[in-house]
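Below is one structure, written out as C-alpha cells; the observations come after it.
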Amino acid sequence: QVQLVESGGGLVQAGGSLRLSCAASVSIFSINAIGWYRQAPGKQRDWVATIRSGGSTNYADSVKGRFTISKDNAKNTVYLQMNGLKPEDTAVYYCRIPAMDAWGKGILVTVSS
C-alpha cells in the first residue's frame, strides 16, 4: 500500500512563504499525476495543484501565480512552494495520487493576519 507523508506546515504571517513536501513510499517517476488538496475548517476538501509525469502543472485559480508544484523523482517527493500566503490559505493540506487512491494524512498550514 502506498504511503504519502506530508511535512513542512506550520504557522506563518500573511505574505510569508512555506514549502510543503510529500514523500512517497513508491517510485513517482512514472506516476501520471500527483496532486495537492486542502481543506479549510468547516469546508470541503478542494483541489490545489497537480503535476504530471512529464512535468506539466495545473493550479486552482485561487493559488495561481503564488503556489508552485514540483517534484524530485530521485527522492520520490513532491513539493508545494507557497508564496504570498493569505489568511484564507489556512487549511490542512493533503497529498494525493489519484490512480492509486492514496492520500496522505495531511499537514496544517496556518496563516495569521
Side-chain angles (χ1 to χ4, degrees):
Q1 187 173 357
V2 177
Q3 292 189 340
L4 301 173
V5 180
E6 300 95 340
S7 61
L11 174 65
V12 64
Q13 288 189 333
S17 298
L18 282 175
R19 188 177 80 156
L20 304 183
S21 299
C22 170
S25 63
V26 296
S27 172
I28 66 170
F29 177 76
S30 60
I31 291 178
N32 183 51
I34 303 174
W36 283 97
Y37 293 71
R38 67 184 182 185
Q39 187 167 17
K43 296 188 177 182
Q44 67 181 19
R45 191 172 299 185
D46 291 328
W47 167 73
V48 175
T50 296
I51 187 165
R52 291 176 178 76
S53 55
S56 63
T57 58
N58 292 95
Y59 299 92
D61 287 343
S62 59
V63 306
K64 201 172 294 183
R66 299 187 298 123
F67 290 11
T68 302
I69 188 171
S70 62
K71 61 176 180 167
D72 185 333
N73 290 329
K75 296 182 178 180
N76 295 324
T77 300
V78 177
Y79 304 98
L80 187 68
Q81 178 67 44
M82 306 186 294
N83 300 328
L85 283 162
K86 305 175 181 180
E88 51 264 43
D89 294 318
T90 295
V92 177
Y93 284 73
Y94 299 87
C95 182
R96 183 191 184 203
I97 300 177
M100 298 180 176
D101 195 25
W103 288 90
K105 293 183 178 181
I107 190 83
L108 178 63
V109 171
T110 304
V111 184
S112 63
S113 57

Next on the checklist: Ignoring hydrogens, what is the shortest heavy-atom contact between Leu80 and Ala49? Give both atom names and the distance.
Outcome noted: CD1-CB, 4.4 Å
Item to check | Lys71 side chain near Ile28 side chain, heavy-atom distance below 4.5 Å | outcome: yes
Next on the checklist: Restricting to non-hydrogen atoms, name the atom on Cys22 and the atom on Trp36 that form the minimum distance, rounded to 0.1 Å.
Outcome noted: CB-CZ2, 3.6 Å
Item to check | Spacing of Ser27 atom OG and Asn73 atom CG [to the nearest 0.5 Å] | outcome: 7.0 Å
Next on the checklist: What I'd like to find out is whether the side chain of Val92 reaches to under 4.5 Å of the side chain of Tyr37, using heavy atoms alone.
Outcome noted: no
Checklist entry - Do Asn58 and Arg52 have side-chain heavy atoms sitting under 4.5 Å apart? => result yes
Item to check | Nearest heavy atoms of Arg96 and Pro98, plus distance in Å | outcome: O-CD, 3.6 Å
Checklist entry - Taking the side chain from Asp46 and the backbone from Arg38, do they hold a donor-acceptor pair closer than 3.5 Å? => result no
Checklist entry - Should Tyr79 and Ile34 be regarded as members of a common hydrophobic cluster, given that ILVMFWY residues are connected when their side-chain heavy atoms come within less than 4.5 Å of each other, either directly or indirectly? => result no
Item to check | Single-linkage hydrophobic cluster Trp47~Tyr94, side-chain heavy atoms < 4.5 angstrom | outcome: yes
Item to check | Carboxylate-amine/guanidinium contact Lys64 Asp61, below 4.0 Å | outcome: yes
Next on the checklist: Has Thr90 got a side-chain atom pairing as donor or acceptor with Val111's backbone, closer than 3.5 angstrom?
Outcome noted: yes
Checklist entry - Quick one: are Glu6 and Leu20 in side-chain contact, heavy atoms under 4.5 Å? => result no
Item to check | Approximate separation, where rounding is to 0.5 Å, of Asp89 CG and Ser62 OG | outcome: 7.5 Å
Next on the checklist: I need the Ser56 OG to Ile51 CD1 distance, nearest 0.5 Å.
Outcome noted: 7.5 Å
Next on the checklist: Just so I know, are the side chains of Leu4 and Met100 near enough to count as touching, which here means a heavy-atom distance under 4.5 Å?
Outcome noted: no
Item to check | Among Val48, Thr50, Thr68, side chain to side chain contact (heavy atoms under 4.5 Å, CB included) partner for Tyr59 | outcome: Thr68
Checklist entry - Is it the case that more than 12 heavy atoms not belonging to Gln3 sit under 6.0 Å from its CD atom? => result no
Next on the checklist: Once rounded to the nearest 0.5 Å, what's the spacing between atom CD of Gln13 and atom OG of Ser113?
Outcome noted: 9.5 Å
Checklist entry - Under 3.5 Å, side chain of Trp103 to main-chain N/O of Lys105, donor-acceptor pair present? => result no
Item to check | Value rounded to 0.5 Å, distance of OH in Tyr93 from OG in Ser7 | outcome: 15.0 Å
